[in-house]
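What you see is a predicted model; the values in this text were computed from it and never measured.
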Amino acid sequence: MPGITVDGRIIRLAPQEYFFRQQARTWKLIDWEKVTAELLPVEETSVTSIEQITLDYITDNARTTENPAEVLATAWRVYSYLFRAEYAPTLGLDGITEAHLRMLAEVSTFTALNKVEQDGRITNVGPCWFFADAAQVVFELDERTVGLLDEVYHGGWFNENRRIESVKAHAALGGRLVHGCQSVPDRRGGAVAPYGTPMDRFRDELAQFRDAWSARA
């Protein structure tokens, strides 16, 4: 990916080279250890949905950071949890391995630097917004494998257990995961957005840049 260099365990990101658009330099976070201890064990009830529980938790606990390294560190914990190895045998997709799940975790980690504002404006966009396209380039994957990765990613919406896990885990990144796909996975990618974000504005903005920036990714 342009703007990213790796030296051992050190990752350096040059914003001017990495981002297609960068208009925001703050993010909301909650410490992963806190989310793990306090939110992940919580279950919804007949009167309070998991989304409402999570929204209230974010409202009470989120803080603002200007440190992108802290965002990436938190995101790595979130996505290592959501794409953990134990899922590989249960996905029903031939060919998906633990290594593929790690690819998803690595690419998704960088999507946490993307930013959607409360009013629906998309203020930060990097190539990993289009996580499937980015994974194809970085890991030199064929089209079939990329399609399988896209299916695993979208399983977070289709499988109820995974969806609930995703809702709670994304509290650590200050919102919920949204995506730009329509009725089928079509590699439009997505980002973590605040609860209450007007999705019509999000959709319209994404439509304006999706094709050109996806091609660049």
Side-chain angles (χ1 to χ4, degrees), residues 27-65 71 73-93 96 98 101 104-105 108-109 111-112 114-122 129 131-132 148-186 188-206:
W27 297 266
K28 281 189 174 181
L29 289 180
I30 304 174
D31 293 342
W32 177 246
E33 292 77 6
K34 185 176 178 66
V35 171
T36 300
E38 298 177 354
L39 184 60
L40 293 189
V42 173
E43 297 183 2
E44 67 181 2
T45 71
S46 60
V47 295
T48 309
S49 70
I50 198 62
E51 289 82 1
Q52 185 61 55
I53 293 169
T54 302
L55 173 58
D56 292 342
Y57 188 81
I58 292 170
T59 300
D60 293 341
N61 294 280
R63 57 185 173 81
T64 299
T65 182
V71 177
T74 301
W76 173 247
R77 304 289 297 279
V78 170
Y79 291 111
S80 294
Y81 168 74
L82 291 176
F83 296 118
R84 54 196 187 272
E86 68 186 68
Y87 276 133
T90 69
L91 295 171
L93 296 171
I96 287 293
E98 180 178 341
L101 293 176
L104 276 171
S108 296
T109 293
T111 68
N114 299 321
K115 185 77 180 294
V116 180
E117 304 297 333
Q118 189 72 60
D119 62 4
R121 290 180 299 120
I122 300 172
W129 178 291
F131 69 93
L148 290 175
L149 292 187
D150 211 17
E151 290 285 355
V152 174
Y153 186 83
H154 285 82
W157 284 280
F158 304 146
N159 179 291
E160 184 63 7
N161 287 336
R162 289 185 60 206
R163 187 192 72 82
I164 290 172
E165 282 189 347
S166 179
V167 168
K168 292 189 285 188
H170 279 98
L173 299 174
R176 60 176 174 155
L177 188 64
V178 298
H179 69 107
C181 298
Q182 302 301 315
S183 57
V184 296
D186 61 4
R188 291 177 183 266
V192 179
Y195 282 85
T197 299
M199 286 293 106
D200 53 348
R201 180 164 184 173
F202 170 86
R203 178 200 60 208
D204 293 345
E205 277 218 71
L206 177 59

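In this structure, R163 fails the cation-pi test against F158, since its NZ or CZ atom is not both closer than 6.0 Å to the six-membered ring centre and inside 45 degrees of the ring normal.
Under the 4.0 Å criterion applied to side-chain N and carboxylate O atoms, K115 and E117 are assigned as salt-bridge partners. Under the 4.0 Å criterion applied to side-chain N and carboxylate O atoms, E33 and R77 are assigned as salt-bridge partners.
Counting heavy atoms from C-beta on, the side chains of N61 and K34 come closer than 4.5 Å. Taking 4.5 Å as the limit, some side-chain heavy atom of R84 sits within range of a side-chain heavy atom of Y87. Between K28 and L173 the shortest side-chain heavy-atom distance does not fall below 4.5 Å. Taking 4.5 Å as the limit, every side-chain heavy atom of T111 sits out of range of all side-chain heavy atoms of W129. Using a 4.5 Å heavy-atom cutoff, the side chains of L149 and I96 are in contact. In this structure, the side chains of V178 and M199 come closer than 4.5 Å at one or more pairs of heavy atoms. V192 is not listed as a side-chain neighbour of W27, based on a closest heavy-atom distance of 4.5 Å or more. Under the 4.5 Å side-chain criterion, counting only non-hydrogen atoms from C-beta, R201 is in contact with D119.
Side-chain N or O atoms of S166 include none that pairs as donor or acceptor with a backbone N or O of R162 at under 3.5 Å. Panel note: side chain T48, backbone E44; no donor-acceptor pair is recorded below 3.5 Å. Formation of a donor-acceptor pair under 3.5 Å by the K168 side chain with backbone atoms of L40 is found in this model. The backbone N or O of A193 sits nowhere less than 3.5 Å from a side-chain atom of T197 that would complete a donor-acceptor pair.
Closest heavy-atom contact between Y195 and Q118: O-NE2, 2.7 Å. Pairing each heavy atom of A169 with each of W32, the nearest pair is O-CZ3, 3.8 Å. Closest approach of P198 and G120 over heavy atoms only: CD-N, 3.7 Å. In this structure, G175 and I58 approach most closely via the heavy-atom pair N-CD1, 3.7 Å.
Annotation for E98: atom CD does not count as buried by contact number, only 12 or fewer foreign heavy atoms lying within 6.0 Å.
Taking CG of D31 as the reference point, atom CG of L29 lies at 8.0 Å (rounded to 0.5 Å). Distance check: I30 CD1 to T65 OG1 gives 13.0 Å after rounding to the nearest 0.5 Å. Distance check: L101 CG to L82 CG gives 11.0 Å after rounding to the nearest 0.5 Å.
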Show the numbers, then the answer: is there a side-chain hydrogen bond (donor to acceptor under 3.5 Å, both in side chains) between Q52 and D56? CA-CA 6 Å; Q52 185 61 55; D56 292 342; 2.9 Å; yes
Step by step, work out the side-chain contact (heavy atoms from CB on, under 4.5 Å) result for L39 and I53. CA-CA 9 Å; L39 184 60; I53 293 169; 4.0 Å; yes
Intermediate values then yes/no, side-chain contact (heavy atoms from CB on, under 4.5 Å), R176 and T54: CA-CA 9 Å; R176 60 176 174 155; T54 302; over 6 Å; no
Let's go through Y81 and E165 carefully: what are the C-alpha distance in whole Å and the side-chain angles of both, what is the deciding distance for side-chain contact (heavy atoms from CB on, under 4.5 Å) to 0.1 Å, and is it a yes or a no? CA-CA 9 Å; Y81 168 74; E165 282 189 347; 3.5 Å; yes
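Note: F83 and Y153 have parallel aromatic rings, judged against thresholds of 30 and 60 degrees for the angle between ring planes.
Residues H170 and Y79 place their aromatic rings such that the two centres sit under 6.0 Å apart.
There is a side-chain donor-acceptor pair under 3.5 Å between E38 and Y57.
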